[in-house]
> 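Pasting a structure below so you can have a look.
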Amino acid sequence: MNKKIIVPLAILCLLLCIFLIQDTYAKYITTTNESANMTIARWRILVNNKDIRENSTTMATITPVFEGNDNISSGIIAPTSEGYFDLIIDATEADVSFKYKIEISPSSSSPVKDLVATKYKIDDNEEVTLTKDNQVIENTVLHKDNTKPINIRVYIIWDDSENSTMDNYEDTEATKKEDRLAKMDVKLSFIQAK
């Protein structure tokens, strides 16, 4: 009788063990497929309506505006002439904070090599003075504050001081050139802020 009870009981125990092992093992091999959807941040910045997405650095040659004064006609440049140029940075469609750097220098194609940026103004804020040795504008724009285009006006002067590189002869020769437009090179760099 012992054999008749032990064998079925052993088989029942074996089946119960197999069932428990299979159930336990199944917990570890069960898989689930999930997907995550995330929107990719936009990086769309326009400078004077030109899209910079193809390059993180943009180089432009700009002809400044010279309004004239009592001694110099409007639109004409002479030593001590003062003018300006505008940069409009529209990053309202950028989804991240960013830093920009603007480097200003006389263009190699400009007949006037003594153009110097003297100051700049961002929107309606106070003017910031630039030195002859530091012709750079840098700023960080936080995404939360990026709600409208940034208007930057850069003021320049034809430096005719004793520190200027052109002498009176070179000043006169600059007026004889066929292309007499005074030009500034403006290099703009943009990088995502961390």
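For this chain, numbers begin at 1 and follow the sequence in order.
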> Mind checking the OG-NZ spacing from Ser105 to Lys187? Nearest 0.5 Å is all I need.
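If I round to the nearest 0.5 Å, the distance is 9.5 Å.
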
> Just by modelled atom types, is the Lys183 backbone N or O under 3.5 Å from a matching donor or acceptor in the Ser110 side chain?
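The answer is yes, because a donor-acceptor pair under 3.5 Å joins these two groups.
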
> Nearest 0.5 Å please: distance from the CD1 atom of Ile102 over to the CG atom of Asn139.
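Ile102 atom CD1 to Asn139 atom CG measures 8.5 Å (nearest 0.5 Å).
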
> Are Ile157 and Asp114 close enough that some pair of their side-chain heavy atoms sits under 4.5 Å apart?
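Ile157 vs Asp114: side chains apart.
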
> Are Val128 and Tyr100 connected in the hydrophobic side-chain network, where two residues link if heavy atoms are under 4.5 Å apart?
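Val128 and Tyr100: one cluster.
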
> Is there a donor-acceptor contact under 3.5 Å linking the side chains of Asp133 and Thr131?
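Distance-only check fails for Asp133 and Thr131.
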
> Side-chain heavy atoms under 4.5 angstrom apart, residues restricted to Ile, Leu, Val, Met, Phe, Trp, Tyr: same cluster for Tyr155 and Ile150?
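No; Ile150 is not reachable from Tyr155 via cluster members.
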
> For atom CG of Asp145, decide whether the heavy atoms of other residues, nucleotides or ligands shown that lie under 6.0 angstrom number more than 12.
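Yes, the 6.0 Å shell around CG holds more than 12 heavy atoms from other groups.
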
> OG of Ser189 to CD of Glu103: how many Å apart, nearest 0.5 Å?
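Separation between the atoms: 5.5 Å.
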
> Before you tell me yes or no, could you show the steps for Val136 and Lys101 under side chain to side chain contact (heavy atoms under 4.5 Å, CB included), namely the whole-Å CA-CA distance, both residues' side-chain angles and the distance that decides it to 0.1 Å?
CA-CA 7 Å; Val136 176; Lys101 181 178 183 180; 3.9 Å; yes

> Are Leu115 and Tyr84 co-members of a hydrophobic cluster defined by side-chain heavy atoms under 4.5 Å apart?
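The answer is no; the residues belong to distinct hydrophobic clusters.
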
> Using the rule that two of Ile, Leu, Val, Met, Phe, Trp, Tyr join whenever any of their side-chain heavy atoms come within less than 4.5 Å, decide whether Val65 and Val154 are in one cluster.
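No, Val65 does not connect to Val154 through the hydrophobic network.
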
> What pairs of residues pass the side chain to side chain donor-acceptor pair (under 3.5 Å) test when at least one of them lies in residues 65-81, not counting sequence neighbours?
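For residues 65-81, and leaving out neighbouring residues, there are no side chain to side chain donor-acceptor pair (under 3.5 Å) pairs at all.
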
> Can any side-chain N or O of Asn125 pair as donor or acceptor with the backbone N or O of Ile122 at less than 3.5 Å?
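Present.
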
> Can any side-chain N or O of Asp90 pair as donor or acceptor with the backbone N or O of Thr92 at less than 3.5 Å?
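Yes: the side chain of Asp90 pairs with the backbone of Thr92.
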
> For the residue pair Thr140 and Ala193, what are the closest heavy atoms and their distance?
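So the two residues come closest at CG2-CB, 4.3 Å.
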
> Could you tell me which residues satisfy side-chain hydrogen bond (donor to acceptor under 3.5 Å, both in side chains) with Ser161, sequence neighbours excluded, listed by chain and number?
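Counting only residues at least two positions away or on another chain, Ser161 forms a side-chain hydrogen bond (donor to acceptor under 3.5 Å, both in side chains) with Asp159.
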
> Minimum heavy-atom separation for Ile45 and Ala91, please, with both atom names.
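Heavy atoms of Ile45 and Ala91 come nearest at CG1-CB, 3.8 Å.
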
> Could you pull out the closest heavy-atom pair between Pro64 and Phe85, with the gap in Å?
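Minimum heavy-atom separation between Pro64 and Phe85: CA-CB, 4.2 Å.
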
> Hey, what do you get for OH (Tyr120) to CG (Leu87), rounding to the nearest 0.5 Å?
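Those atoms lie 12.0 Å apart.
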
> Excluding sequence neighbours, so at least two apart, what forms salt bridge (charged side-chain N to carboxylate O under 4.0 Å, His left out) with Lys148?
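If we apply the salt bridge (charged side-chain N to carboxylate O under 4.0 Å, His left out) test to Lys148, skipping adjacent residues, the hits are Asp123.
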
> Measuring from atom CE of Met184 to atom OG1 of Thr63, what distance do you get when rounded to the nearest 0.5 angstrom?
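Output value for this atom pair is 11.0 Å.
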
> Under the rule for salt bridge (charged side-chain N to carboxylate O under 4.0 Å, His left out), what residues qualify as partners of Glu127, not counting sequence neighbours?
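For Glu127, the residues satisfying salt bridge (charged side-chain N to carboxylate O under 4.0 Å, His left out) (neighbours in sequence not counted) are Lys119.
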
> How close do Val112 and Pro106 get, counting heavy atoms only, and between which atoms?
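What the structure gives for the nearest pair is O-CB, 4.1 Å.
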
> List the residues meeting salt bridge (charged side-chain N to carboxylate O under 4.0 Å, His left out) with Asp160, not counting sequence neighbours, and say none if there are none.
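Asp160 satisfies salt bridge (charged side-chain N to carboxylate O under 4.0 Å, His left out) with no residue once adjacent residues are dropped.
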
> Calculate, to the nearest 0.5 Å, the distance between atoms CD1 and CZ belonging to Ile88 and Arg153 respectively.
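Taking CD1 in Ile88 and CZ in Arg153, the distance rounds to 9.5 Å.
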
> Write down the atom of His143, the atom of Val96, and the distance for their closest heavy-atom approach.
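That closest heavy-atom pairing would be CD2-N, 3.7 Å.
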
> Return the set of residues passing salt bridge (charged side-chain N to carboxylate O under 4.0 Å, His left out) with Lys121 (not counting sequence neighbours), or none when no residue passes.
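Salt bridge (charged side-chain N to carboxylate O under 4.0 Å, His left out) list for Lys121, sorted by chain: empty.
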
> Considering only heavy atoms from C-beta outward, does the side chain of Thr118 approach that of Thr129 to under 4.5 Å?
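Result no, sub-4.5 Å side-chain heavy-atom pair not found.
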
> Using a 4.5 Å cut-off on heavy atoms from C-beta on, say whether the side chain of Phe190 contacts that of Ile89.
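Yes, close enough: below the 4.5 Å cut-off.
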
> More than 12 non-hydrogen atoms from neighbouring residues, nucleotides or ligands closer than 6.0 Å to NZ on Lys99, yes or no?
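No - once you tally the heavy atoms of other residues, nucleotides and ligands closer than 6.0 Å, there are 12 at most.
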
> For residues Ile152 and Asp86, determine if any side-chain heavy atom of one lies less than 4.5 Å from a side-chain heavy atom of the other.
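They are not in side-chain contact.
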
> Where is the tightest heavy-atom contact between Phe66 and Ala182, given as atom of each residue plus distance?
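Heavy-atom minimum between the residues: CE1-CB, 4.3 Å.
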
> Applying side chain to side chain contact (heavy atoms under 4.5 Å, CB included) to Val116 and Gln135, what does each step give before you reach the verdict?
CA-CA 8 Å; Val116 178; Gln135 299 281 282; 3.8 Å; yes

